[in-house]
Protein chains: 2
Amino acid sequence: MTVSKTAADTARPSRASRKDLVEPAADDSVLQLGELAGLLGYSLKRAQLKVFEDFLRCVAPLQLTPAQFSVLLLLDKNPGRNQTEIANTLGILRPNFVAMLDALESRDLCSRMRSANDRRSHIVVLTEKGRAVLARAKKFVANKHEARLIEVLGPEHHALMLEMLAKLAREF
Amino acid sequence: MTVSKTAADTARPSRASRKDLVEPAADDSVLQLGELAGLLGYSLKRAQLKVFEDFLRCVAPLQLTPAQFSVLLLLDKNPGRNQTEIANTLGILRPNFVAMLDALESRDLCSRMRSANDRRSHIVVLTEKGRAVLARAKKFVANKHEARLIEVLGPEHHALMLEMLAKLAREF
DNA sequence: GATATTTGATATGGTCCATAACAATTATCA
DNA sequence: TGATAATTGTTATGGACCATATCAAATATC
């Protein structure tokens with residue numbers, strides 16, 4: 001027995017214990033989702049993966065992930081904030097935000113500055129290059145990514161969807 | 001210098017290089033999301049996390065994750081299928097599905113059987129206990145989880161949302 | 001019957017997420 | 001004031017999830 005309790009470590013029946021023969025499904029048709037199709041969380045997850053994939057494609061020339069883009073957007077909209085404030089707003093834990101900022105700072109998209117008030121905190125500021133990249137990214141996102149979403153869903157459904165998702169994220 | 005190239009390993013400016021003082025934001029009000037609120041992918045991700053959290057809470061007595069629940073549902077709806085067929089339908093890669101099945105099988109919720117046709121493949125079947133647990137899980141999900149979603153979104157918006165999410169997952 | 005393909009499995013590495021702990025700094029308050 | 005507590009950025013670490021290469025056994029192909 002191992003000590004750590006990963007799923008992979010759980011006991012698996014020996015080969016000898018599963019020797020019974022069973023008839024496989026006859027037809028090779030597509031599997032039925034059943035009630036899975038009615039599970040909101042399931043479709044939510046699958047849709048989210050697709051949307052993030054498309055985001056990455058649309059903004060690939062700038063090499064920005066959705067999370068990185070959200071950081072740049074937040075820095076632009078909220079100057080003079082420190083690491084914890086930015087991280088908290090995005091639901092990122094402070095320890096995990098360090099490496100994220102390191103990556104952005106090493107590409108000269110943002111910069112850590114010392115606060116004039118509190119020598120503990122680092123104020124995070126967009127660099128000139130950061131502002132330029134963000135501006136280009138915004139255009140890619142609006143013209144390619146969101147445009148495609150609006151096209152597929154229809155403008156009114158897109159707006160409604162945004163509203164409902166925000167409601168879920170807020171009060172669920 | 002380390003060898004692997006994680007984001008955390010990217011060069012970070014030395015402490016000496018960021019000594020400039022900067023005025024922090026004066027007010028301590030809530031940070032502005034800005035265009036982040038209009039990004040569908042952002043709200044999609046946040047909503048998905050909340051919904052999965054709620055799912056885990058609602059089905060906690062049965063100790064089932066959303067992924068495990070989806071496997072049980074699929075096994076029930078599609079008897080006589082092998083591991084790859086189940087995994088593919090759920091978008092799970094075969095190597096990663098092995099540990100997942102190990103966990104379920106070690107709890108006697110399902111069982112791997114040899115196919116009568118093809119001695120390579122394992123037909124995955126629900127056990128009696130698996131069927132019982134699935135039945136209970138379905139009730140928890142319907143009466144607690146989905147019920148709350150419908151309550152928050154409203155029945156017609158819930159249905160519309162499901163439709164749109166499925167559309168995104170399908171044709172995006 | 002030689003070769004290619006499929007299936008389940010292992011190994012491995014990457015990314016993301018969560019917690020504990022630490023030094024430096026600041027806040028609290030007796 | 002000075003002792004103690006709290007905060008900030010950081011490191012270390014481990015778990016969960018995802019992706020690729022590879023393998024032996026079995027089957028398919030030609």
Which side-chain N or O atoms in residues 143-150 of chain B pair as donor and acceptor under 3.5 Å with protein atoms at least two apart or in another chain?
{"unit_1": "B/N143", "atom_1": "ND2", "unit_2": "B/K139", "atom_2": "O", "d": "3.3"}
{"unit_1": "B/H145", "atom_1": "ND1", "unit_2": "B/D54", "atom_2": "OD2", "d": "2.7"}
{"unit_1": "B/E146", "atom_1": "OE1", "unit_2": "B/H158", "atom_2": "NE2", "d": "3.1"}
{"unit_1": "B/E146", "atom_1": "OE2", "unit_2": "A/L40", "atom_2": "N", "d": "3.1"}
{"unit_1": "B/R148", "atom_1": "NH1", "unit_2": "B/D54", "atom_2": "OD1", "d": "2.5"}

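Proximity note for B/S121 (side chain, C-beta onward) versus C/dA9, D/dG9, C/dT7: the nearest is C/dT7.
Side-chain polar atoms of A/S115 and A/N117 form no donor-acceptor pair below 3.5 angstrom.
B/S111 contributes atom OG, which lies 11.5 Å from atom CG of B/L104 (distance to the nearest 0.5 angstrom). To the nearest 0.5 angstrom, B/L168 atom CG is 7.5 Å from B/L44 atom CG.
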Between protein and nucleic acid, restricted to nucleotides 17-20 of chain C and to nitrogen or oxygen atoms under 3.5 Å apart, what atom pairs and distances do you find?
{"unit_1": "C/dA18", "atom_1": "N7", "unit_2": "A/N96", "atom_2": "OD1", "d": "3.4"}
{"unit_1": "C/dA18", "atom_1": "N7", "unit_2": "A/N96", "atom_2": "ND2", "d": "3.0"}
{"unit_1": "C/dA18", "atom_1": "N6", "unit_2": "A/N96", "atom_2": "OD1", "d": "3.1"}

Might you list the N or O atoms of the protein lying below 3.5 Å from N or O atoms in nucleotides 27-30 of chain D, with each pair's distance?
{"unit_1": "D/dT27", "atom_1": "OP1", "unit_2": "B/R119", "atom_2": "N", "d": "2.8"}

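In terms of phosphate contacts, A/T84 brings no side-chain nitrogen or oxygen within less than 4.0 Å of OP1 or OP2 of D/dT7.
Distance, A/F52 CZ to D/dC17 C1': 15 Å, rounded to whole Å. Rounded to a whole Å, the CG atom of B/N82 is 16 Å from the P atom of D/dA26. Between A/R94 atom CZ and C/dC22 atom C1' the separation is 16 Å, expressed in whole Å. Atom CE of A/M100 and atom C1' of C/dT15 are 12 Å apart (whole Å). One interatomic measurement links the two molecules: CG of B/L90 to C1' of D/dA19, which rounds to 17 Å at whole-angstrom precision. For B/L56 and D/dA16, the CG to P distance is 13 Å, given to the nearest whole Å. Rounded to an integer number of Å, the gap from A/D102 CG to D/dT10 P is 7 Å. One atom, NE2 of A/H122, and another, P of C/dT26, lie 11 Å apart when rounded to the nearest Å.
Among pairs with a residue in residues 27-38 of chain B, those fulfilling salt bridge (Lys or Arg N to Asp or Glu O under 4.0 Å) read A/R81-B/D27, A/K138-B/E35, at least two apart in sequence or across chains. Residue pairs that meet the side chain to side chain donor-acceptor pair (under 3.5 Å) test with at least one member in residues 69-79 of chain A, sequence neighbours left out, do not exist here.
No donor-acceptor distance shorter than 3.5 angstrom exists from the side chain of A/S121 to the backbone of A/N82, with no hydrogens or angles considered. Remark: the backbone N or O of A/L165 is not paired with any side-chain donor or acceptor of B/S43 at under 3.5 angstrom.
In A/R136, the CZ atom is not crowded: 12 or fewer heavy atoms of neighbouring residues, nucleotides or ligands sit closer than 6.0 Å. Within 6.0 Å of CZ on A/R170 lie more than 12 heavy atoms contributed by other residues, nucleotides or ligands.
A salt bridge is absent between B/E53 and B/K50: the closest approach of a Lys/Arg side-chain nitrogen to an acidic carboxylate oxygen does not fall below 4.0 angstrom.
Comparing the end axes of the helix from C/dG1-D/dC30 to C/dA30-D/dT1, each fitted to five base pairs by superposing C1' atoms of four pairs onto the next four, gives an inter-axis angle of 20° (nearest 10 degrees).
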